[in-house]
Amino acid sequence: MTNMKLSPWPGVIRAYADRLPVTQHTPIVTLLEGNTPLIPLSNFCKRHRLDLELYVKYEALNPTASFKDRGMTLAVSKAVERGAQILVCASTGNTSASAAAYAARAGIRSVVIIPYGKIALGKLAQALIYGAQIIAIEGNFDDALHIVQALGSQPTIEVVNSINPVRIEGQKTAAFEICDHLGRAPDVHALPVGNAGNITAYWKGYQEYHRDNVIRTLPRMFGFQAAGAAPIVEDRIIEHPETIATAIRIGNPASWQGAKRAIKESHGHIDKITDAEILENQKALAQSEGLFVEPACAVALAGIRKAFSQGLIPSGALVVATMTGHGLKDPQTAIEQIDIQPHVCPPDVQAVLKLING
Ligand code: F0G
């Protein structure tokens with residue numbers, strides 16, 4: 001069954017209820033997430049001589065401006081169903097924003113544990129305004145996740161990181177939407193990899209559609225990490241991960257095995273991308289297509305370019321890349337990399353014309 005004709009869009013749980021662990025009695029906590037656009041990138045392809053049919057799944061258009069809302073609607077609904085009173089998560093920023101929003105919607109508390117000083121400004125603003133209790137630890141995401149894992153045994157607490165399998169279930173709906181939209185699976189699906197929940201979730205979604213004959217072929221899963229935070233690529237825990245893409249500044253991903261399985265089973269690929277390439281591709285996407293994504297997303301675009309140049313993706317392939325979060329979440333990084341100051345001038349037509357004409 002496909003859901004292209006649902007109108008108005010009811011959110012991912014109601015759209016895909018038959019494929020999710022819910023019953024009629026599950027209280028659905030939703031902000032009508034999902035149904036995000038699949039946008040073709042013809043200018044970007046032309047500019048970089050990519051002979052591909054390339055689309056981005058623009059997850060920035062979810063209610064809290066990242067893909068996390070797909071898993072969060074389900075995690076929070078299930079938490080409320082079992083009577084949990086406090087949501088807890090470790091986060092590089094987007095999970096905390098989403099958890100805080102859905103907790104507010106459900107009328108329960110949220111506590112978010114984040115690495116001090118390493119959260120993009122917009123994400124911090126989100127957690128604050130949604131009313132989360134924010135605990136900033138003097139450590140990184142991996143340290144925060146350890147703490148959260150220990151808290152999960154408390155009966156009133158629900159951990160809403162992707163170590164909660166329900167999060168993965170919700171996130172797999174993005175793969176369903178892509179297939180529903182295209183009428184098939186892409187040849188290659190590329191995405192940024194941090195804690196590795198999302199690549200695990202997409203692969204699960206594609207496999208379920210394939211098993212049920214909704215799609216005839218499966219995509220190859222291509223994951224990309226930041227060069228300073230590439231534990232899966234390097235096959236070792238990175239004690240002190242570093243990258244400008246703070247969303248994926250992770251050295252010991254929880255779903256490491258899920259990512260490895262997705263790549264192996266799909267005959268996919270995993271590689272790492274430098275911070276310079278991340279910034280270049282973030283800007284290139286914004287200036288060629290008018291799409292502003294956060295730095296982590298650019299990892300996938302840089303990765304596609306690299307893989308295409310290495311001959312790992314054939315000409316003409318149908319490729320989808322997930323743009324996981326909105327660029328407005330991290331305004332500081334964008335402003336710092338654009339080396340142009342606005343022109344300041346008197347409020348005068350002639351003065352403005354003079355500037356326009358150079
Ligand atoms: N892109 C963005 C914008 C993210 O926020 C994340 C993860 C990823 C990609 C990677 O996804 O972890 O499933 O491999 N952010 C988490 C967070 C870790 O706390 O917001 P993943």
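We count ligands from 1, going down the list as the structure has it; atoms in each ligand are counted the same way.
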Can you tell whether the side chains of E265 and R220 come within less than 4.0 Å, N to carboxylate O? no
Assess the side chains of Q126 and K329: does a donor N or O sit below 3.5 Å from an acceptor N or O? yes
Kindly indicate whether a cation-pi arrangement holds for R19 with F176, taking the cut-offs as under 6.0 Å to the six-membered ring centre and within 45° of the axis. yes
Starting from atom 9 (C) of ligand 1, locate the nearest protein heavy atom and write down its residue, its atom name and how far away it is, to 0.1 Å. T324 OG1, 3.5 Å
May I ask you to list the atoms of ligand 1 that are less than 4.0 angstrom from any heavy atom of T95? 16 (C), 17 (C), 19 (O), 20 (O)
For atom 12 (O) of ligand 1, the protein heavy atom that lies nearest, with its residue and separation: N195 N, 2.7 Å
Taking atom 7 (C) of ligand 1 as the point of reference, which of Q225, H326, K68 owns the nearest heavy atom? K68
Do Q171 and ligand 1 have an N or O pair less than 3.5 Å apart? no
Would you check whether K123 has a nitrogen or oxygen atom less than 3.5 angstrom from a nitrogen or oxygen atom of ligand 1? no
What is the nearest protein non-hydrogen atom to atom 11 (O) of ligand 1, stated with its residue, atom name and distance? F67 CZ, 3.5 Å
Determine the minimum heavy-atom distance between A136 and Y116, stating which atoms define it. CB-CD1, 3.7 Å
Run the numbers on K272 and E234 for salt bridge (charged side-chain N to carboxylate O under 4.0 Å, His left out), then give the verdict. CA-CA 9 Å; K272 57 186 177 179; E234 295 178 13; 2.9 Å; yes
On a heavy-atom basis, the closest approach of T274 and A227 is CA-CB, 4.0 Å
Based purely on interatomic distance, does T92 place a nitrogen or oxygen under 3.5 Å from a nitrogen or oxygen of ligand 1? yes
Heavy atom of the protein closest to atom 8 (C) of ligand 1 (residue, atom name, distance): I248 CG2, 3.6 Å
With a 3.5 Å cut-off and no angle check, do the side chains of E158 and Q85 form a donor-acceptor pair? no
Is the shortest distance from a Lys or Arg side-chain nitrogen in E169 or K172 to a carboxylate oxygen in the other one below 4.0 Å? yes
When you look for heavy atoms under 4.0 Å from ligand 1, do you find them on the side chain of I250, its backbone, both, or neither? side chain
Part of L191 with heavy atoms under 4.0 Å of ligand 1, whether side chain, backbone, both or neither: neither
I'd like to check whether G197 has a polar contact with ligand 1, where a contact means an N/O of the residue lying under 3.5 Å from an N/O of the ligand. yes
For H189, run the side chain to side chain contact (heavy atoms under 4.5 Å, CB included) check against W203, F222, Y206 and tell me which one passes. Y206
Among non-hydrogen protein atoms, atom 13 (O) of ligand 1 lies closest to N198 N, 2.8 Å
Starting from atom 4 (C) of ligand 1, find the nearest protein heavy-atom neighbour and note its residue, name and distance. A247 CB, 3.6 Å
Which residue and non-hydrogen atom of the protein lie closest to atom 5 (O) of ligand 1, and at what distance in Å? N94 ND2, 2.7 Å
Would you say S162 contacts ligand 1, with heavy atoms under 4.0 Å as the rule? no
With the threshold set at 4.0 Å, does a side-chain nitrogen-carboxylate oxygen contact exist between E59 and K68? no
Can a side-chain donor-acceptor contact be found between E294 and N94 if the only test is distance below 3.5 angstrom? yes
Check for me whether A196 has a heavy atom closer than 4.0 Å to any atom of ligand 1. yes
